[in-house]
Amino acid sequence: NAIAWHPLRAEFHDPFHGREDLIRGLLRTVGDPRERFAEDYLRVLRALRFSGRFRFHIQDETWQALRESRNHLHALSPERIREEMMKILSEAPAPSGALSLYAVSGIMEVLYPEVAEAATYTRGDPPENLWAHSLLLTDLLPPKRSLLRLAALFQGVGPPQGGREEGQLPEGQEDGSRRREETAALMIRLRFSNAEIRQVSELVEVGLEPPLSLQ
């Protein structure tokens, strides 16, 4: 709401130079970013979603305040956290932009530690990082299949016990039932419906792979 339009006078009111920011591809808060985020910490997640979807650069001061705010995100209701993620998966042509920002900001580790853990594991020969695999899948799937994209994001949830110490998941060692259980627990925490939990957790158990022509 930093830009206003007067319909009778046909005038823009842009006291904070928002149009210039749009042209430059810059995302920032109005005023002190720490104060703006403290007013509603959901703005942290919205900043990541907008930046990822529209490929905007987050202003340095806003980025720093965003990262400092991450430990306050537990104050948000599970429903609001869930809806922000589903907007990323249902609206963005390539969700990997916002999801990568979740990861590098440390927010994935706070809100989705089960997903963040996938970045530390590889599988196969040559080794493939589970996080990179999940990002590729989310981008390949269409926005209208948001639950399928969610299953792709959760591919790295629940790696088998044998791969934890060395960070390597040998071929064929993945434990599908364990992935299903941990995915279901994560989705219960975020208040998904029973039907959504069943659909996504079963997909995660089976596993998703990109088409051979795109691997």
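Numbers here simply count residues along the sequence, with the first being 1.
A distance-only check finds a donor-acceptor pair linking the side chain of Arg179 to the backbone of Glu205 [under 3.5 Å]. Under the 3.5 Å distance criterion, the side-chain polar atoms of Arg191 are left unmatched by any main-chain donor or acceptor of Pro78. Between the Gln155 side chain and the Leu208 main chain, a donor and an acceptor come within less than 3.5 Å of each other. At distances below 3.5 Å, at least one donor-acceptor pair connects side-chain atoms of Arg149 with backbone N or O atoms of Thr138. No donor-acceptor pair under 3.5 Å is formed between the side chain of Ser90 and the backbone N or O of Pro143.
Rounding to the nearest 0.5 Å gives a distance of 5.0 Å between CZ of Phe192 and CE of Met86. Note that the CG atom of Leu66 and the CG atom of Asp60 stand 12.0 Å from one another [nearest 0.5 Å]. For the atom pair CZ of Phe56 and CG of Leu22, the computed distance is 5.0 Å after rounding to the nearest 0.5 Å. How far CG of Leu73 is from CG of Leu111: 5.0 Å, rounded to the nearest 0.5 Å. Rounded to the nearest 0.5 Å, atoms CD (Glu114) and CE (Met108) are 10.5 Å apart. One distance of note links CG of Leu140 with CG of Leu148; it measures 11.0 Å at 0.5 Å rounding.
Pairs engaging residues 18-31 under the salt bridge (Lys or Arg N to Asp or Glu O under 4.0 Å) rule: Asp14-Arg19, Asp21-Arg24, Asp21-Arg28 [sequence neighbours left out]. Judged as a salt bridge (Lys or Arg N to Asp or Glu O under 4.0 Å), the pairs with a partner in residues 85-111 (not counting sequence neighbours) are, in order, Arg49-Glu91, Arg53-Glu91. Sorted by first and then second residue, the salt bridge (Lys or Arg N to Asp or Glu O under 4.0 Å) pairs with a member in residues 64-77 read Arg34-Glu68; sequence neighbours excluded.
The minimum heavy-atom distance linking Ala98 with Ile88 is given by the pair CB-CD1, 3.8 Å. Nearest heavy atoms, Ser105 versus Trp63: CB-CH2, 3.5 Å. Taking both residues in full, the closest heavy atoms of Arg80 and Leu42 are given as NH2-CD2, 3.3 Å, listed atom of the first, atom of the second, then distance. Scanning both residues, Val200 and Ala151, for their nearest heavy atoms gives CG1-CA, 3.8 Å. When all heavy atoms are compared, the tightest approach of Thr183 to Ser201 is CG2-CA, 4.0 Å. Heavy-atom minimum distance, Val44 versus Ser69: CG2-CB, 3.8 Å.
Here the side chains of Arg36 and Pro33 are not in contact, with every heavy-atom distance at 4.5 Å or above. Under the 4.5 Å side-chain criterion, counting only non-hydrogen atoms from C-beta, Leu153 is in contact with Val115. The shortest distance between side-chain heavy atoms of His57 and Leu26 falls below 4.5 Å. Side-chain contact check for Val157 versus Tyr112: every heavy-atom pair is 4.5 Å or farther apart. For the pair His133 and Leu137, the minimum side-chain heavy-atom distance is below 4.5 Å.
Note on Leu45: it clusters hydrophobically with Val104, by side-chain heavy-atom contacts below 4.5 Å among ILVMFWY residues. Taking hydrophobic clusters as Ile, Leu, Val, Met, Phe, Trp and Tyr residues chained together by side-chain heavy-atom distances below 4.5 Å, Ile197 does not share a cluster with Val206. Hydrophobic clustering, with ILVMFWY side chains joined whenever heavy atoms are under 4.5 angstrom apart, keeps Val30 apart from Ile58.
Every residue two or more places apart in sequence or in another chain that forms a side chain to side chain donor-acceptor pair (under 3.5 Å) with Gln59 is listed here: Thr62. For Ser96, the side chain to side chain donor-acceptor pair (under 3.5 Å) partners at least two apart in sequence or on another chain are Asp139. Residues forming a salt bridge (Lys or Arg N to Asp or Glu O under 4.0 Å) with Glu11 (at least two apart in sequence, or on another chain): none. The ring pair (Phe, Tyr, Trp, His ring centres under 6.0 Å) check on Phe12 picks up Trp5, with sequence neighbours excluded. Taking Arg198 as the reference, nothing meets the side chain to side chain donor-acceptor pair (under 3.5 Å) condition, with sequence neighbours excluded. With sequence neighbours excluded, no residue forms a side chain to side chain donor-acceptor pair (under 3.5 Å) with Arg145. Evaluation of the salt bridge (Lys or Arg N to Asp or Glu O under 4.0 Å) rule for Glu35 yields no partner, not counting sequence neighbours. Partners of His72 by ring pair (Phe, Tyr, Trp, His ring centres under 6.0 Å), not counting sequence neighbours, listed by chain and number: Tyr41. Take Asp32 and apply the salt bridge (Lys or Arg N to Asp or Glu O under 4.0 Å) test, not counting sequence neighbours, and it matches no residue.
Among Leu99, Leu27, Leu101, the one residue that satisfies the side chain to side chain contact (heavy atoms under 4.5 Å, CB included) test with Leu48 is Leu101.
Under a cut-off of 6.0 angstrom, the local environment of CZ in Arg55 is crowded, with over 12 non-hydrogen atoms contributed by other residues, nucleotides or ligands.
For Arg82 and Glu196, the salt-bridge test fails: no basic side-chain N is under 4.0 Å from an acidic carboxylate O.
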